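Predicted model only: the values in this text are computed from it and were never measured. Within every chain, numbering begins at 1; the chains are lettered A, B, ... in the order of the sequence lines, protein sequences first and strands thereafter.
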Protein chains: 2
Amino acid sequence: METTREKLINATFDEVFSHGYQGASLSDILAKAGVHKGSMYHFFANKKELALASIEETILQKNAEKYRYVETYTSGFLEEFYTRLRDTSVRDFKRGCPIANIVQEMSNIDEDFNTLMKSIYGAFRANIKAILDKAIEVKEMQPCDTTKLALFITSTIEGAILAAKASGNAQDYVDVIEELIVHIERKR
Amino acid sequence: METTREKLINATFDEVFSHGYQGASLSDILAKAGVHKGSMYHFFANKKELALASIEETILQKNAEKYRYVETYTSGFLEEFYTRLRDTSVRDFKRGCPIANIVQEMSNIDEDFNTLMKSIYGAFRANIKAILDKAIEVKEMQPCDTTKLALFITSTIEGAILAAKASGNAQDYVDVIEELIVHIERKR
DNA sequence: GCACCACTTGACTAATTGGTCAATTTTGGT
DNA sequence: ACCAAAATTGACCAATTAGTCAAGTGGTGC
């Protein structure tokens, strides 16, 4: 069963993902969660702490799941990575990427959001770098500066999601990803 | 001299660029512009119309200036493009890219914003495509699908700006751009 | 000198915002 | 059964929000 705190974390993430932090209404979050105001203030000091906790816990958990496979594999790192990149079913092109949304909205406005998003985006880059390092380790790829390549890949992925959101056309994401894979394949 | 309308357009763009549309306070915009409320409502029907006009006029004008050179050149299209891409002085990595910011915040929330941003992002892609087509025309580049390449380039640029905003490190932008240029150079 | 009109002023409203808090109910330990 | 702590309820508050509007100003054409 979902605890009150979990209800709040989930409703907040969805509401912030849909309307942004500033656009997210506390009353709407409470209505969606089915939790009363005072109850929420029992668990969180204010709207900001609620949002920060919601973003951190939700995204870190999703990411841990998403990249766990790297630990369990012994080969085929790039192929598996491409497969997951190509999988559009896990994407929400209407709302975009939750990380990018919050970075864009809040990084220059609030220091606490800035700090959190820095660490989340950093973790994203680290996850991609770990895949590349594994690929090099098992000779699926030539040695190269994986920090920079991971930066390039994450940037292009975020750009691809943005392009699809802007045009309303998921194919734009696919097209960018295919070109990105061509680029990575040149490092074989 | 700046007209009242221009004052409003400029103050609004700056305020929306800094705090987002939803985070932009009408009172703050009016204070910054030095214009009274009723005066603003004489020119614009509401906050949304003000913001839409401000975004459209400001970005379209900036873009027209930025890519005018393509018309006047007869060669060196790619080199000039790279020089401009590498120029970090025109970038505001704290606030990011005004286009991306608004797309992220508003495209899935409001149909009018969605329509406007679709056309602005489309114009951005068309401008890059025009450069590539010119480059191919004068044999600086092998013929290729310039629509897709332009999509890839714009995506990567937006991702690069986002990465620099997230990390607070302008070097991230530079690193992504250099890798992007390597990719484009392979099409020579 | 007067009539017209674009523009300006700023007080006002209704709705919503995030936040407070005292009273109450529920829970778990002994 | 009893008690204390944890959790819940919902009325209330001050501040801010976008938006309205009647009254006024100043310039232009006649």
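- If T4(B) and M40(A) are placed on DNA chain C by their nearest nucleotide, the residue sitting closer to the 5' end is T4(B).
- Of the charged side-chain nitrogens involved, at least one lies within less than 4.0 Å of a carboxylate oxygen, so that E57(B) and R5(B) count as a salt-bridged pair.
- dT16(D) atom P lies 17 Å from atom CD1 of I29(B), rounded to whole Å.
- A donor-acceptor contact closer than 3.5 angstrom is absent between the side chains of N101(A) and E105(B).
- Note on H42(A): every side-chain N or O is 4.0 Å or more away from OP1 and OP2 of dT8(D).
- Under the 4.0 Å criterion applied to side-chain N and carboxylate O atoms, D133(B) and K129(B) are assigned as salt-bridge partners.
- Between R125(B) and D172(A), at least one side-chain nitrogen of the basic residue sits less than 4.0 Å from a carboxylate oxygen of the acidic one, meeting the salt-bridge criterion.
- When only modelled atom types and interatomic distance are considered, Y121(A) and E158(A) share no side-chain donor-acceptor pair under 3.5 Å.
- Of all nucleotides in DNA chain C having an atom under 4.0 Å from a heavy atom of chain A, the first and last in 5' to 3' order are dT17(C) to dC21(C).
- Rounding to whole angstrom units, CZ of residue R5(A) and P of dT8(D) are separated by 13 Å.
- Close placement of the H183(A) and F152(A) rings is indicated, their centers lying within 6.0 Å of each other.
- At a non-hydrogen distance threshold of 4.0 Å, nothing from residues 6-28 of chain B comes into contact with DNA chain C.
- Between E49(B) atom CD and dA18(D) atom C1' the separation is 14 Å, expressed in whole Å.
- Salt bridge present: K187(B) and E179(A) bring a charged side-chain N and a carboxylate O closer than 4.0 Å.
- Ionic pairing of R95(B) and D92(B) is present here: one or more N-O contacts between side-chain nitrogen and carboxylate oxygen are shorter than 4.0 angstrom.
- At a threshold of 4.0 angstrom between heavy atoms, the contacts of F43(A) are confined to the sugar-phosphate backbone, with no base atom among them.
- One hydrophobic cluster holds both L132(A) and Y73(A) under the rule that ILVMFWY side chains link at heavy-atom gaps under 4.5 Å.
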Heteroatom pairs (N/O) under 3.5 angstrom, protein to nucleotides 11-14 of chain D:
none

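- The existence of a salt bridge linking R86(A) and E178(A) is confirmed by a sub-4.0 Å separation between a basic side-chain nitrogen and an acidic carboxylate oxygen.
- Distance OH (Y41(B)) to C1' (dT20(D)): 9 Å, rounded to an integer number of Å.
- Cation-pi geometry between K47(A) and Y21(A) is met: the NZ or CZ atom falls under 6.0 Å from the ring centre, inside 45° of the normal.
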